[in-house]
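Along the sequence shown, residues are numbered consecutively beginning with 1. Numbering of ligands and ligand atoms starts at 1, following listing order. Side-chain atoms are counted along with the backbone in the values below, which use heavy atoms only and exclude waters and symmetry mates.
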Amino acid sequence: MLTVDNVHLYYGASHALRGVSLEAPKGQVTCLLGRNGVGKTSLLRAVLGLEAIRRGSIGWEGAEIAGLPTYERARRGIGFVPQGREVFPRLTVLENLQTGFATLPAKMRTIPDEIFELFPVLKDMLRRRGGDLSGGQQQQLAIARALVTRPRLLILDEPTEGIQPSIIKLIEDVIRRLAARGDMAILLVEQYFEFARDLADRYAVMDRGEVVLAGTAADMVESEVRRHLTV
Ligand SMILES: Nc1ncnc2c1ncn2[C@@H]1O[C@H](COP(=O)(O)OP(=O)(O)O)[C@@H](O)[C@H]1O
Ligand SMILES: [Mg+2]
């Protein structure tokens with residue numbers, strides 16, 4: 001389980017996270033919603049160690065990780081699918097997947113067959129350059145690359161952004177299958193309400209650097225959530 005407690009993050013004088021608390025248990029999908037600029041990506045970057053926090057704690061599998069470097073968090077099973085995908089355009093699909101090996105012990109440096117079961121299109125594209133893939137294919141590659149690291153916490157930042165409906169459906173099915181395995185905590189940032197509602201076991205809504213609503217999917221009241229999504 002991931003436990004974020006009272007986290008404060010600043011960019012210079014700008015107070016981007018104002019005492020954020022959040023939990024993401026294994027075997028569940030936790031959806032984080034909120035408009036542009038409210039701090040969702042900042043929170044993910046704090047969990048990953050890409051931004052230093054000023055106050056608060058970040059617990060993972062019972063240990064405090066807030067002071068650890070990013071590679072050590074990756075080694076402890078935290079995988080990331082960044083907003084905008086960040087596929088390496090000049091590397092092939094296979095090479096993009098192999099970048100996930102960096103924090104793995106030598107004997108685990110293989111691409112699990114499961115990845116091609118989840119994303120069959122990638123199997124036929126291993127020699128293609130990442131930059132030649134469509135947006136939807138790149139998003140599948142970005143998720144696959146994170147899965148190569150064998151994450152026990154999978155963090156996805158707006159995986160449906162700019163993606164066509166058929167691929168959104170595929171990504172939804174993949175996330176559901178991963179959650180059903182029961183050994184992975186999934187933290188999903190979304191602005192697309194229906195996608196979040198259909199997948200979420202738990203949810204949190206952020207506004208201006210704070211969590212303003214949170215609970216189980218059963219407690220999720222559409223009108224209250226939407227109030228913090230529309231401008
Ligand atoms: N590297 C940065 N330096 C300064 N300000 C930043 C930086 N990254 C994000 N911000 C600001 O922090 C706030 C939260 O941004 P972000 O976490 O990206 O929000 P979201 O992911 O919810 O759209 C925004 O006002 C944004 O402009
Ligand atoms: Mg963002």
Rounded distance [0.5 Å steps], CZ in Arg85 versus CG in Leu141: 10.5 Å
Metal site angle (apex the Mg ion (ligand 2)), OG1 from Thr41 and OE1 from Gln83, 10 degrees: 80°
Test salt bridge (Lys or Arg N to Asp or Glu O under 4.0 Å) applied to Asp173 and Arg177, step by step: CA-CA 6 Å; Asp173 289 343; Arg177 281 169 71 175; over 6 Å; no
Those protein residues which place at least one heavy atom below 4.0 Å from ligand 1: Tyr11, Arg35, Asn36, Gly37, Val38, Gly39, Lys40, Thr41, Ser42
Cation-aromatic face contact Arg109/Phe101, 6.0 Å, 45 degrees: no
Short side-chain to backbone donor-acceptor contact, Arg128 and Leu122, under 3.5 Å: no
Pair Glu190-Thr160, side-chain donor/acceptor within less than 3.5 Å: yes
Side-chain touch Leu44/Val47, heavy atoms, less than 4.5 angstrom: no
